[in-house]
Asker: 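First the structure, then my questions, so here it is.
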Amino acid sequence: MIINVTKLHHPLPGSCPMSFDLVLFGGTGDLTWRKIMPALLQAFRHCKLPPGGRVLAVARDERSDDEYRAFIKERFAAVEASKRPSDEEFARFAEMLHYRRMDLSQPEHYAGLKAWVDERGADTVVLFLATSPYLFPVICEQLGAAGLNGPNARVVLEKPLGHDLKSAQTINRVVASAFREEQALRIDHYLGKPAVQNVMALRFGNALFEPLWRRESIANIQITLAEDIGVGTRGDFYDKTGALRDMIQNHALQLLTMIAMEPPPSGDADAIRDEKLKVLKSLKPFTPESVARDVVRGQYKAGSVGGQPVPGYLDEVKVPVGSRCETFVALRTEVQNWRWAGVPFYLRTGKRLAERDSHIVVNFRDVPHPIFPGTRQANKLVIKLQPEDGLELHLLAVKGSGGNELLSPVSLDLDFDRAFPSERVGGYERLLLDALAGRLNLFVRSDEQEQAWRWVEPVLQAWASDPTGPRPYSAGGWGPAAASAMVARDGCTWAEEQ
Ligand code: BG6
């Protein structure tokens, strides 16, 4: 069937729009050139972008389209080689890039933007706020006032979405005054990672694990998001944020919801998000006593990562003298419902740890009655998020012959990059394409986001009144010893200690 593109004025729900305008607020900013432009280029390479789409970057300074294209081309020199375009490829890609100077507080500048968008009448207009979150309220108000919130518009909001419950609610209120909930797409870039989507596939596309996915069979679950990098040049931002707000409130909790949620009645975005919200509401609330017992915060000292000496957090650029900001968090929680009652969920994240390694370990219970000598905890499922993307199922088996009945650990390994070569889509690329197509499954709903803040707030409050501050740990290790002691209380160890 041949579709006459010019006659289709409304996007088909959930399908890729026939034509689009993508407006990038913060068009010269870090996020734009580090993440969004490389993702757009990848989508362009993969021929996933509908032809004739336009990208309009807006920022404060005066530039022509050509000057903006040259600026982006120069920035591509900083991205990894495989994502860097040749001159010829960049020239074709850059045809869709445009630039407009905007003062975000000026209503007439939004009127100009509206005229630019209207002259085309694209099926879908995506307004991507890649700016500081302090600007979200003013931008959303002005977009609404200028009539840039029509039914074909969507607004994409990048984290951090607030720094506590109150500020998140304020942002959500302003967004809601201009856009309907289904027009507001909150990005948690972890949800764009193929490995994270595979958690859903593993649980709800396969019947194998479901009978075991409960307290009767699972001893504990560990979610680790470890980074070897430090805070780099982001010291001023990071110091106001800290690991709890930066990684736990969003990325780690989103992973936890996917592991713990009940099977949704359908694959619809709201069916999934309703179940994730129930998990967040079932998390055991923190008290000052449980924060002291079940949450460990740390801050890296100088050390060595990958054989290279690295400075401590307090010596990083733009970090205030004597900062008490945490660069590491490990915590223990429980999901208080019938499926999970009593099963510890351990979450852990940190900067300047031994290696970049993000994974989820599902530790199964021991055999009820051991008949093999020296048997130890046998079964675990390791969901590897990065740098590798795969699954490992750990079993015990007899290694040798000759009557040796000592069991040895062995694992079934699945490497998704090898299983699906050349078909993997990067996280940001996936989220951008979903934003253009209006697929909401991988975006966070306002109630989920607020509930996550509600849950972390008692921790922030307890820390604010605790004079002891974060525990120092050496860069290049696995965080403060107290994190190991916390899991050891339950008779557990972290994956790297096993
Ligand atoms: C961001 C945090 O959300 O996630 C950063 O603000 C962190 O501090 C980054 O480094 C980690 O993302 P990834 O995809 O590299 O694991």
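Both ligands and their constituent atoms are indexed starting at 1 by order of listing. Predicted model, so just to flag it, every value in this text is computed and none were measured.
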Asker: Closest non-hydrogen protein atom to atom 15 (O) of ligand 1, residue and atom name please, with distance?
Answerer: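 Going atom by atom, the protein heavy atom closest to atom 15 (O) of ligand 1 ends up being Arg356 NH2, 3.7 Å.
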Asker: Just going by heavy-atom distances, which of His189, Glu227, Lys351 is nearest to atom 4 (O) of ligand 1?
Answerer: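 Looking at heavy atoms only, the winner is His189.
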Asker: Give the ring-plane orientation class for Tyr428 versus His189, where under 30° counts as parallel, over 60° as perpendicular and anything between as tilted.
Answerer: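 Rings of Tyr428 and His189: parallel, under 30°.
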Asker: Any chance the rings of Phe345 and Trp340 have centres within less than 6.0 Å?
Answerer: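 Yes.
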Asker: Using modelled atom types and a 3.5 Å cut-off, is there a donor and acceptor pairing between side-chain atoms of Ser323 and backbone atoms of Pro320?
Answerer: no
Asker: In this structure, is the centre-to-centre distance between the rings of Tyr473 and Phe328 below 6.0 Å?
Answerer: yes
Asker: Could you check whether the rings of Phe364 and Phe209 sit parallel, tilted or perpendicular, using 30° and 60° as the cut-offs?
Answerer: parallel
Asker: Among all the protein's non-hydrogen atoms, which is closest to atom 14 (O) of ligand 1, and how far away is it?
Answerer: Lys193 NZ, 2.5 Å
Asker: Pull out every atom of ligand 1 sitting under 4.0 Å from any heavy atom of Gln386, numbered as shown with elements.
Answerer: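 Ligand 1 atoms under the 4.0 Å threshold to Gln386: 13 (P), 16 (O).
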Asker: Give the residue and atom name of whichever protein heavy atom lies nearest to atom 8 (O) of ligand 1, and the separation in Å to one decimal.
Answerer: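 Scanning the protein heavy atoms, the shortest distance from atom 8 (O) of ligand 1 goes to Asp246 OD2, 2.6 Å.
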Asker: Just jot down the ligand 1 atoms closer than 4.0 angstrom to any heavy atom of Lys159, in number order.
Answerer: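 Ligand 1 atoms under the 4.0 Å threshold to Lys159: 1 (C), 2 (C), 3 (O), 6 (O).
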Asker: With heavy-atom distances below 4.0 Å as the criterion, list the atoms of ligand 1 near His251.
Answerer: 1 (C), 3 (O), 4 (O)
Asker: For ligand 1, note which part of Tyr190 has a heavy atom under 4.0 Å away: side chain, backbone, both or neither.
Answerer: side chain
Asker: Is the NZ or CZ atom of Lys193 both under 6.0 Å from the centre of the six-membered ring of Tyr190 and within 45° of that ring's axis?
Answerer: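 The answer is yes, since Lys193 meets both limits relative to Tyr190.
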